[in-house]
Every structure is written in structure tokens, then in C-alpha cells.
Trainee: 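Mind having a look at this structure? Questions to follow.
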2 protein chains.
Amino acid sequence: MNLSPRIENFVLHCGEMGSRWGFNRTIGQMVALLVIHEQPLTANEIAESLKISRGNVSMGIKELQSWQLVKVTHIPGDRKEYYAPNGSIWDLANRVFEERRKREIDPTLSLLRDQILEGSESPEEEYAQNQIQTIHDLLETITKWSAELQRLSPEQLQTLMKLGSSVSKVIDLKDKLLKKS
Amino acid sequence: MNLSPRIENFVLHCGEMGSRWGFNRTIGQMVALLVIHEQPLTANEIAESLKISRGNVSMGIKELQSWQLVKVTHIPGDRKEYYAPNGSIWDLANRVFEERRKREIDPTLSLLRDQILEGSESPEEEYAQNQIQTIHDLLETITKWSAELQRLSPEQLQTLMKLGSSVSKVIDLKDKLLKKS
DNA sequence: CTAAAGTTTCAGTAATTATTGAAACTTTAA
DNA sequence: TTAAAGTTTCAATAATTACTGAAACTTTAG
């Protein structure tokens, strides 16, 4: 399994970006490789293509499954496991987005909720408590909004995204709508 | 500078989350501390509160400035530098969001653009090229959309966010609007 | 100009995170 | 039932990233 220079370029880049996207180099490379290949690949092919150990691939697959980014397929008469991306590019991006929300926002939201329940004891903590409330509200809004986006169909999302510079017009529109009813 | 248990709790949590938010533990703690304190703090106070070295604070401040998250203030007759959050919670979140877009999306977008220009040579690369195009389009849409959000006033953004479950209604509305005109 | 107050830098080291590879485990064809 | 094919686990180690603290640098009051 030798990669063409161009594909190798893409795969290596995704490896470098991997850690910024919430995983590590190997995993970034693995996603890239799977996405760019029409046919599913075996663990050995992945290891060979990326020049990494078989064990590393196994751990990577496991991680990618926890992100729901790969699926396993089989070829009749062949007992090897073949791996492929779990859905379209759009599906994958959505899952990464969702998973990151879980890791980056949810734990904090839950801590802040608890802290708000406790109330502020000393007057010195009054300001702190206020700031915590503000952060909490912000995170909650983001969470609700992102859940909302997840609920939209890809087509609706496309429409929304493509609204582009007319977003503010839509907001105005919504205001008018509210006033009428 | 001793922190109350509750504030310490918050600060430590932000430290743990720091790396998930795109920086490191120290920096997460520093932002938390600055945000929770009404008065600006000196570098020494920060070092003492967080029990970290003075040098580490200096590097942290530098990093926070590159994210545009802190501002420096002075007290007349005192030549020490005092640090405070650079704007409201909402401003800070916005900056983090923007900065992360720059680090996580822009480099890839630029690589993909180049790769698309090169075109696909072998037919074997045809599929790869297609996938790259799809990723490119997705990232470009996200970029445009996020620039759009940055342009909205906080109030407009609030309105948009609070649309919540009526987002899809607004999209339908927009469709109707388009058909009329 | 100079010394005191304050800040930054960076080489060395500590802490964390990723990777290998060999051994253990699992599955299946015969 | 067993041995060959395939997969997973995990202790050891490599690679990366973060932190300290002492020395160098900068600023300013007198």
C-alpha cells in the first residue's frame, strides 16, 4: 500500500492537524486515509500505509469507534475486518462537532450548575457568582443551539448555512413575524 | 492571595479543561482567576494564587495576549502591571472561537485549495479529489458562516441563539420569501 | 547615571501523552 | 479440536509538551 505523493501530503497534513481537532496524529492520519480511499481498508493496510505499528492501529480504531467515525465491513469469504468512514463527510464533521461539545462544554456546564445551586456565601464571592452565572448561561445557550442544529436535516442545514450575509435579515424578519402574531 | 474553596474549585476545573479548550492547564487557570476576580491582578498575585512560578505566569500572559483575552492596566503611582480580562465573558468566548477557527480550519482550507488547483492526474485519484472537494466546501461554508456570526451584534446573536426550536420555521419562512420575490 | 522594582527568556527538567512490539486472546475453517 | 489467521492489550519506551528558576533584560524614580 503505497500512497501517491498528493494523497500522502493530505494524510500527513491531517496528522499534524489531528491534535487540534481533538485527537492525535495517528488518528488524524487514519481518518484522512479512510476518507480518501473508496475501498475499505484492513488494519494491516492502514499500518503499512502510515508506517505505524499494528497495535497503534488497533488503539486508533477503538478511539475512532468511540467517536463513531468508522464502521467495520466484511468481504464474503474473507475473515479480515475492513474499515471505512461511517457516513458522509458531513456526517463525520457533525459527529466530531457533537463529541467535542460533550468533552469541552458538558463537564463545565455541570460543574457550574452545582456551584450556582450552592449560592454565594460571603459578599466577596458575589461578583464571582455573577460571572459564573453568565458563563453558565452562555454555555447553556450554545448547547441548546447545537442540539437544534443537530436536529436539522442536512438540506435544512445547507440552507441555513448558505443564508450567509442575510442572517441578519432573517432575524429582522423573525421580529416582524413575532409582532404580527 | 488565598482562594476560597469554591473559587479554587472553579479555577482548578478550568485548568483541567484548559487543554480541551485549546490551551494548557496553567492558562486555563489564569483565565478563570482573572474572570472571577473583580479587581485586576499582578503577575505575582497570579503566581502566588495558582502556586506556579513567576516565569510560567509571564509565558501564560504572553499566550493570553496572543489570544487577545487579557488587557494590561496600571494604577497611578504604582509601576506594576495589572491584568484583567479583555472584555465581557461573551467577548472572550467569541475570541476563543475565532482564534480556534484560525488554528483548526484555516490551514487545512488553504492546503485543500492548493490540492484542488493541482487537479487529479491518475483516475485512481479521482475519488480522492472528490472527497477533498467536499471537505473544502464544508470548511468554506463553516468559515463564511462563522465570519457572519462575528459580524452580528451581541443582541442580534442573542436573538438568533434564542430562536431555538424555531430555526426550522425561519428556514421555511425564508423559502417562502424567496418564492414570492 | 544608577539602583531598585519589575519583567522576560530559556536551558534544564518534570510531567504528560503517544507508540511500539511481544504476549495473550479470539475466531474460524477444516 | 486444533492450528492458523486475525485482533487486542499493555508494559516499556519514545516523543512531546509544560514548568521552574536563575540570569538577563527593561523601566523608572531619584
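Throughout, a chain's letter reflects where its sequence line sits, starting with A, and its residues are numbered from 1. Note that the structure is predicted; figures quoted are calculated from it, not measured.
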Trainee: CG of Asn56(A) versus P of dA15(D): gap in Å, rounded?
Mentor: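 Spelled out: CG on Asn56(A) to P on dA15(D) is 13 Å.
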
Trainee: Look at the side chain of Thr134(B) and the backbone N and O of Asn130(B), then say whether any donor-acceptor pair between them is shorter than 3.5 Å.
Mentor: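 It does hold such a pair.
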
Trainee: Decide whether Ile105(B) and Phe97(A) are clustered together by the hydrophobic rule: side chain heavy atoms of Ile, Leu, Val, Met, Phe, Trp, Tyr closer than 4.5 Å, transitively.
Mentor: no

Trainee: Is there a path of hydrophobic side-chain contacts, each under 4.5 Å between heavy atoms of I/L/V/M/F/W/Y residues, joining Trp90(A) to Ile36(A)?
Mentor: yes

Trainee: dT9(C) P sits how many Å from Gln65(B) CD, rounded?
Mentor: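 In whole Å, dT9(C) P lies 11 Å from Gln65(B) CD.
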
Trainee: Is the shortest heavy-atom distance from the side chain of Leu117(B) to the side chain of Arg113(B) under 4.5 Å?
Mentor: no

Trainee: Heavy atom of residues 19-28 of chain A under 4.0 Å from DNA chain C: which residues?
Mentor: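 Per residue number, the list reads Asn24(A), Thr26(A).
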
Trainee: Just to be sure I understand the rule, does Ile61(B) reach a base, reach only the sugar-phosphate, or reach nothing, if contact means heavy atoms closer than 4.0 Å?
Mentor: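 The answer is nothing, as Ile61(B) stays clear of every strand by at least 4.0 Å.
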
Trainee: How many whole angstroms separate atom CE of Met59(A) from atom C1' of dT9(D)?
Mentor: 9 Å

Trainee: Output a table of nitrogen or oxygen pairs between the protein and nucleotides 28-30 of chain C separated by less than 3.5 Å.
Mentor:
none

Trainee: What is the distance, rounded to the nearest whole Å, between atom CG of Asn44(A) and atom P of dG21(C)?
Mentor: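 So the CG-P distance, Asn44(A) to dG21(C), works out to 14 Å.
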
Trainee: Check this for me: does any side-chain nitrogen of one of Glu98(B) and Arg101(B) sit under 4.0 Å from a carboxylate oxygen of the other?
Mentor: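 Salt bridge: yes.
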
